[in-house]
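Worth knowing before you read on, the calculation uses all heavy atoms, side chains too, and leaves out hydrogens, waters and symmetry mates. Just so you know, these numbers come straight off a predicted model, no measurement behind them. In this chain, residues are counted from 1 in sequence order.
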Amino acid sequence: MSWPVANVWLIPAIPIAISLVILSLAKSRRQSAAGLAIIGQVVALALSIAGFLETLQTPSFRAVQNFTWFTFGETALRIGWVLDPLAAAMLVMIALVGLCIFIFSIGYMADDKNFTRFFAYLSFFSGAMLGVVIANSLLLLFVFWELVGLASYLLIGFWIERPRAAAAAKKAFITTRIGDMGFFLGMLWLYHSSGTLLFYDDGNGCLESVGLAMLGASATFIALLIFCGAIGKSGQFPLHVWLPDAMEGPTPVSALIHAATMVAAGVFLVARVYPLFSLGTINGVTSSSLTVVVWIGVTTALMAALIAIAQADIKRILAYSTVSQLGLMMVSLGVGGVAAGIMHLLAHGFFKALLFLGAGSVIHGCHHEQDIRKMGGLRRLMPVTFLTYAVGMMALSGVPLFFSGGWTKEEILHATAHWPKSHVPYYLVLAGVILTALYMTRQVIYVFFGSPRAASAHARESPRVMTTPLIALALCAIFFSVVLTPGWPWLHGYLTGEPAQFDIKRSIQPMLFVSLVLVAAGIGLGVLVYGRAGMPDRRRPAEVDPFEYAQPALFHFLENKMWIDELYGRTVIAFSWMSARLSDWMDRYFWDGLVRAFGRLGQLFGIFTTNVDELGINAGVDETMTGTRGLGRVMSSWHSGQIQTYLGVIAIGMLALLLLYAWLV
């Protein structure tokens, strides 16, 4: 086993160790903190690339290292690391995207008083996600999974002095814990059924034939419980409500969460344990658990795309786009397109980081304004940001040929179209593709076109430390498409272990034209509707959205996120609040009163027993003893020791007996 493979554990260990070192630094050591974090990420990237190169040596490469963590009784609990194409590709993407975000943060957070602590949290976040990727045990994956949740809580609520940031951090932490409870129960059930939580263990792992054979009918329920964790982490319906509110954290945090770390964990989890989800698939008929994955994914994708159309916050639009894209990935996994879903996850990591960092550049240039209706004309004032953002927009919209997102969406459409159970998800995904191009065109027109408005009038390009990562990510979003095309499906073959052959003719497929038509329709509709947004209109005020003017009721329904938060507020949260108040009342008045009543009853019993003891038993014993002592004195006086007295008493007794006898006769 080569050194990079044998020491793959160093990839997450180094960023986590460096985060602890940074936490020990003083606030004034800003350069040291940033330098250490970036060095740790560079080392993690170098080790990830080395591991990636090792996986290229043989098809379907997999290296596993297992060891005993601890024992209880005669049972040993084992964990380990795994390096395979899925892990290697994710490692490189996470480390590279994380490095770009770290560099961007130097400029974006330059004026923040807690600059040092911010880089400690970033490094910790990156290390935790890298640990999720290389775990060969569901238990170890769960440990890093929870560390990712902790890091997200710390970073979303980084500006803790802001009430909205603190509330968003709590919302994210609590919502994802709901999903994690299902994940934990599924993990316990899996261990009970298979006797192991190792994924691969010389044929005896829970994802290998022996372990899967032991699950039986419980496999579906175990898979669905584990999927609860993925629903929470990846912001899928109905636990998606935390993800848009997570925008209260600094923009680099949003980029890291949405591109390379937290939300990617849910999709990765389903892909990692896919043999468990697919158990029960016979003759192409999808298993029940994968069917649930499909419908949850397509519901989330369409719902989030609709909500994004009516949002005005530049980061919130991107947040809902993330929710929608993650839904597409879940659909792809559910219909059997595992490679397509992972390829979209990898491509999404690059262009979504680009979009969020581009949004951060816009916010930085517009003096921390986030309302797109107050921007405009930034393509001239911030040309680098505009060009790179345009690349991200086209990649997210799915423009084919030159942008990675176009090829991966084409793969997802192809996989969904051939799902034997139903064609409804396919048509809903088509609608989602159009909506994605529509709301991204709307955002770009509002932000970069037209005349400068209030927030953008004095904007200027961001410093080079912020624009350089944008350029790097834009290049990745473009050139990554080289290994995604059907003409040379290298990445698809790498992930599946199948040989990839170069054939340019295979790039021209019917689904490519379908994707092109859908994207063109979305962009064209966006230009038609929003091309004159912000310009004077005799009928519509400039600040009113054209969609809002045409359909105010529908717009406000979508603007308020379909009232889902309010529905939760009046049902789940209201029930929890009522339960809390009832518990408080029961504690204060019922249980406390009951305890006080028993206490008073005990006091009364104590008083009664005291009186009985002192006035009854003690007094009776005392009087008895007093009488006994008196009787003893009288009787002792009779024992004078004089013989004549005793003889006289005997004589009197004898006389009394004679008289009694005479009387009786």
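Between the side chain of S332 and the main chain of I412, no donor-acceptor pair closer than 3.5 Å is present. For W242 (side chain) and G232 (main-chain N/O), a donor-acceptor pair under 3.5 Å exists by modelled atom type. Not one N or O on the side chain of S126 forms a donor-acceptor pair closer than 3.5 Å with the backbone of L122. Counting only distance, with no hydrogens or angles, the side chain of N136 and the backbone of Y200 share a donor-acceptor pair below 3.5 Å. Of the possible polar contacts, none joining the T68 side chain to the R78 backbone as a donor-acceptor pair under 3.5 Å is found.
Figure legend: R272 and Y274 shown without cation-pi pairing, the cationic atom not lying both under 6.0 angstrom from the six-membered ring centre and within 45 degrees of its axis.
In plain terms, the two heavy atoms of Q311 and L558 that are nearest each other are NE2-O, 3.3 Å. Annotation for P12 and W9: closest pair CD-O, 3.0 Å, computed over non-hydrogen atoms. Nearest approach of G98 to L256, heavy atoms of both residues: CA-CD1, 4.1 Å. Closest approach of M109 to P250, counting heavy atoms only: SD-CB, 3.8 Å. Taking every heavy atom of both residues into account, V323 and Q236 meet most closely at O-NE2, 3.8 Å. Nearest heavy atoms, M375 versus V362: SD-CG1, 3.6 Å.
Using the six-membered ring where Trp is involved, F142 and F183 have ring planes that are perpendicular, over 60° apart on the 30 and 60° scheme. Ring planes of F102 and F119: perpendicular class, angle over 60° (limits at 30 and 60°). Using cut-offs of 30° and 60° for the angle between ring planes, the H364 and H368 rings count as perpendicular. Note on ring orientation: taking the six-membered ring where Trp is involved, the planes of F608 and F605 are tilted (angle from 30° to 60°).
If you check the side chains of S289 and S287, you find a donor sitting under 3.5 Å from an acceptor. No side-chain N or O of Y121 forms a donor-acceptor pair with one of S19 less than 3.5 Å apart. For the residue pair D112 / W159, a side-chain donor-acceptor distance below 3.5 Å is found, with atom types taken as modelled.
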Report the C-alpha distance between D371 and R316 in whole Å, list the side-chain angles of each, state the deciding distance to 0.1 Å, and finish with yes or no for salt bridge (Lys or Arg N to Asp or Glu O under 4.0 Å).
CA-CA 10 Å; D371 193 331; R316 195 171 289 270; over 6 Å; no
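For the pair L435/L302, a side-chain contact is recorded, criterion being any heavy-atom separation below 4.5 Å from C-beta on. Two residues are said to be in side-chain contact when any heavy atoms from C-beta on lie closer than 4.5 Å; H192 and L188 fail this criterion.
Of the charged side-chain nitrogens involved, at least one lies within less than 4.0 Å of a carboxylate oxygen, so that K233 and D180 count as a salt-bridged pair. Looking at K171 and D565, a side-chain N of the basic residue comes within less than 4.0 Å of a carboxylate O on the acidic one, giving a salt bridge. Using a 4.0 Å cut-off between a side-chain N of Lys or Arg and a carboxylate O of Asp or Glu, R177 and E146 qualify as a salt bridge.
Every residue two or more places apart in sequence or in another chain was checked for a salt bridge (Lys or Arg N to Asp or Glu O under 4.0 Å) with R162, and none qualifies. Remark: R581 pairs with no residue by the salt bridge (Lys or Arg N to Asp or Glu O under 4.0 Å) rule, at least two apart or across chains. The salt bridge (Lys or Arg N to Asp or Glu O under 4.0 Å) search around D584 returns R588, not counting sequence neighbours.
Separation of atoms CG (L207) and CG (D201) is listed at 11.5 Å; rounding is to 0.5 Å. Annotation: the span from M247 atom CE to L318 atom CG amounts to 8.5 Å, rounded to 0.5 Å. Here CE of M129 is found 13.5 Å from CZ of F124. Values are rounded to the nearest 0.5 Å. Atom CD of Q370 is separated from atom CG of D313 by 4.5 Å, given to the nearest 0.5 angstrom. We find the CG-CD1 distance between L198 and I79 to be 9.0 Å, quoted to the nearest 0.5 Å. Atom CG of L141 and atom CG of L197 lie 10.5 Å apart (nearest 0.5 Å).
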